[in-house]
Number of protein chains: 2
Amino acid sequence: MSCFSPLTSELPFAVRSCDRLKGSQLTRLDPADPQPAYRQIADRLRERILRGELAPGEPLPSESELIAEFAVSRPTIRSALSVLKNEGRVHARQGRGVFVRGVEPRLRRSSDRYSRRDREAGRTPVMVDTTAIGPPKIELLRFAPEPASPAVAGRLALAEGALILLTALRVYTADFVVQTSTAYMPYHLVKDSPVADPGQQPWLGDTIANLASLDVHVDRVREEVVTRASTPQEATDLRLRSGEHVFKIARTMFAAGIPVEVSDIVMAADRYVLAYEFPVE
Amino acid sequence: MSCFSPLTSELPFAVRSCDRLKGSQLTRLDPADPQPAYRQIADRLRERILRGELAPGEPLPSESELIAEFAVSRPTIRSALSVLKNEGRVHARQGRGVFVRGVEPRLRRSSDRYSRRDREAGRTPVMVDTTAIGPPKIELLRFAPEPASPAVAGRLALAEGALILLTALRVYTADFVVQTSTAYMPYHLVKDSPVADPGQQPWLGDTIANLASLDVHVDRVREEVVTRASTPQEATDLRLRSGEHVFKIARTMFAAGIPVEVSDIVMAADRYVLAYEFPVE
DNA sequence: TAGTGGTCTAGACCACGGC
DNA sequence: CCGTGGTCTAGACCACTAC
C-alpha cells in the first residue's frame with residue numbers, strides 16, 4: 001500500500017524513500033540491531049508511551065500509519081502491537097484503534113481489614129476501600145459439607161477425608177466481579193450451629209465473626225501470595241481475557257496455633273494492591 | 001518421546017490411543033463456535049496440558065504436526081501457540097520444540113525474615129529460604145546522598161528536596177538475579193555514622209540492623225504489593241523476557257510511628273511466593 | 001542433512017464503529 | 001460508506017539443534 005517504491009524488492013529492511021507520508025515521518029529501523037524488526041518497533045512505541053509522548057487513553061497511530069512509518073508489512077506491525085498488548089500497555093478496540101492503557105486506580109486490600117476495630121464498625125472483611133465503588137455484593141456459589149481433599153486436609157491438619165464445610169463465594173461490586181474465594185472449615189467446628197446453615201449463616205464471608213460466635217477466636221492470619229496467568233475458568237469468573245494475570249492468595253486462619261480455616265482467594269492482579277502491615281519482633 | 005511404552009495407555013491421564021504414532025488424527029474445529037480457530041486450538045492444547053495429558057517438560061506436537069492435526073495454516077498454529085506462551089504455560093526453544101513449562105519451585109519470601117530471632121541467627125533479611133540455592137550475593141549499584149524526589153519525600157514525611165541516602169542493590173543467587181531494590185533513608189538519621197559510609201556499611205541490605213546500630217528501632221513494617229509487566233530495564237536486570245511479570249513491593253519501615261526507610265523491591269513474579277503472617281486484633 | 005521454531009512478506013476477507 | 005482492527009492463507013528465508 002502507498003509508496004510504490006521499486007526498491008522494495010531489493011532491500012529487505014527499510015531504506016525506502018517515501019516523500020509523501022501522511023503525517024508521520026519514516027522511522028528507520030537499525031539493521032545492525034540483532035533484535036528483529038517487530039521488537040524494535042515495539043521498543044520504540046513503548047518508549048513513546050513511557051515518556052508520556054503517547055498519553056493514557058490516546059490512540060496509537062493506526063496500523064496503516066505504522067506500516068508507512070516503519071516501512072514493514074502489516075503482520076510485522078501486528079506482532080509489534082501484540083507485544084505491547086501482552087504487556088498490558090495498550091488495548092485494541094475493533095473499529096476504533098489501539099489505545100494506551102491508563103493506570104486505573106487499584107482496589108486496596110489491606111491486612112487491616114482483619115482488625116477488630118474494623119469489624120466492630122460493621123465493615124465486612126471481604127474487601128475494603130470500597131468507598132469509591134460502593135458496598136460489595138456477595139454471591140454464594142456453594143455451601144456444603146464435603147470430605148476434605150488431601151491438600152486441604154493437610155493445610156487444616158486434619159485426617160484425609162475428614163468432613164469440611166466448603167464455602168465458595170463470588171464478590172461483585174457494581175456488577176463486576178472482583179474476587180472469588182473458596183473456603184474450608186473443619187466441619188466439627190461448625191456442625192449444628194447457625195454457621196453451618198446456608199439459610200441462616202449470620203456473617204457470610206466473615207470467617208472471624210462466624211468463628212467468634214462459636215467461641216473460636218482467630219488470633220493469627222497467614223497469607224501466601226502468588227501471581228500467574230488466569231485459567232479459562234478464572235478468566236470467565238473475573239471477566240478477564242484469558243492470559244491476564246491473577247493474584248492467588250492461600251490464606252490460613254489460626255486460633256491458638258490451630259488452623260481453623262483455609263481459603264483460596266483469586267482476584268484480577270491488575271485491579272488490586274495488596275497491603276500488609278505487621279509488627280516487628 | 002511418545003508411545004514406546006505399553007504402559008502409556010494404562011496411566012490415568014495418557015489416554016491417547018497411539019496406534020500409529022504421530023499420525024495424529026485430524027481434530028475438527030467447531031465451525032459453529034464463535035471463537036476463532038486459533039483460540040479453539042489454544043483451548044484444546046491448554047486442556048491437554050491441564051489434564052496432564054501433556055506433562056511438564058514434555059514437548060507439544062511440532063508445528064507441522066499441529067498443522068496436519070487441525071488442518072489450518074502455519075500462522076494460525078503459531079497464533080495458538082503464542083497464546084499459550086503468553087500465558088506462561090509453554091516455552092519454545094528454537095530447533096528443539098515447544099515444551100510444557102513445569103511448575104518450578106518458588107522462592108519463599110516471608111514476613112518472618114524481619115523477626116529478631118532470624119536476625120540474631122545471622123540470617124540476612126534480604127531474602128530467606130535460600131537453603132535450596134545457597135546464600136545470596138549482594139551487588140551495590142548506587143549508594144549516595146541525594147535530594148528526595150517529591151514521591152519519596154511524601155512517603156518519608158520529609159520536606160521536598162530534603163536529603164536522603166539512596167541505596168540501590170541487586171541480589172544474586174548462584175549467578176542469577178532474583179531481586180533489585182532501591183531504598184531511601186532520611187539522611188539526617190545516618191549522617192556521620194558508619195551506616196552512611198559505603199566502604200564501612202556494616203549490614204548491607206539489612207535496614208533493621210543498620211538502624212538499630214543508630215538506636216533507631218524499627219517496630220512496624222508495611223508492604224504494598226502490586227504486579228505488572230516488567231519494563232525493559234527490569235527485564236534486563238532480572239533476566240526476564242520483556243513482558244514477563246514482576247512483583248513490585250513498596251515497603252515502609254516505621255520506628256515509633258515515624259517512617260524511617262522506604263524501599264521499592266522488584267522481583268520476578270513467577271519465582272516467588274510472598275508469605276505474610278500477622279496477628280489479628 | 002533434516003527438522004524445529006523465528007521472522008517476514010503479500011494479499012484476502014471479515015466485523016465493528018463512526019460518519 | 002470507509003477506516004479500524006481481527007483472522008486466515010501461502011510461501012519464503014533464516015538460525016538453531018540433533019544426528
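Convention: sequence-line order gives letters A, B, ...; per-chain numbering from 1. These numbers come from the heavy atoms of this one structure, side chains and all, not from hydrogens, waters or symmetry mates. Everything numeric here is computed off the predicted structure, so don't read it as measured data.
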Donor + acceptor pair across side chains of [X], [Y] (<3.5 Å):
X: B/Y276; Y: B/E223; value: yes
X: A/S73; Y: A/T76; value: yes
X: B/T180; Y: B/R170; value: no

- Query: Of the nucleotides C/dC8, D/dC8, C/dT9, which one has an atom closest to the side chain of A/S73?
  - Reply: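 Nearest to the side-chain atoms of A/S73, counting from C-beta on, is C/dT9.
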- Task: Output the single nucleotide from C/dT9, C/dG5, C/dC8 whose closest atom is nearest the side chain of A/V72.
- Result: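 Among the listed nucleotides, the one closest to the side chain of A/V72 is C/dT9.
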- Task: Give B/S79 one of three labels, base, sugar-phosphate or nothing, depending on what nucleic acid heavy atoms sit under 4.0 Å from its own.
- Result: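 Result for B/S79 = nothing.
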- Message: Near DNA chain C, counting only heavy atoms under 4.0 Å, which residues of residues 91-100 of chain A show up?
- Response: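 Output list: A/Q94, A/G95, A/R96.
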Dump the pairs, protein N or O against N or O of nucleotides 11-13 of chain D, anything under 3.5 Å, distances to one decimal.
from	atom 1	to	atom 2	distance (Å)
D/dA12	N6	B/R74	NH1	3.1

On the nucleotide [N], are OP1 or OP2 found under 4.0 Å from the side-chain N or O atoms that [X] carries?
X: B/Y38; N: D/dC8; answer: no
X: B/S64; N: C/dG3; answer: no
X: A/T76; N: C/dT9; answer: yes

- Query: Is the charged tip of A/R93 near the ring of A/F99: under 6.0 Å from the six-membered ring centre and within 45° of its axis?
  - Reply: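 Yes, a cation-pi geometry holds between A/R93 and A/F99.
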- Message: What is the separation between atom CG on B/L84 and atom P on C/dG5, rounded to the nearest whole Å?
- Response: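 From B/L84 CG to C/dG5 P: 13 Å.
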- Heavy atoms only: give me the nearest A/S263-A/R155 pair and the separation to one decimal.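 Looking at all heavy atoms of both residues, the closest pair is O-NH2, 3.5 Å.
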- Task: Kindly compute the distance separating OG (A/S110) from CD (B/E224), expressed to the nearest 0.5 Å.
- Result: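 Between atom OG of A/S110 and atom CD of B/E224 there are 8.5 Å.
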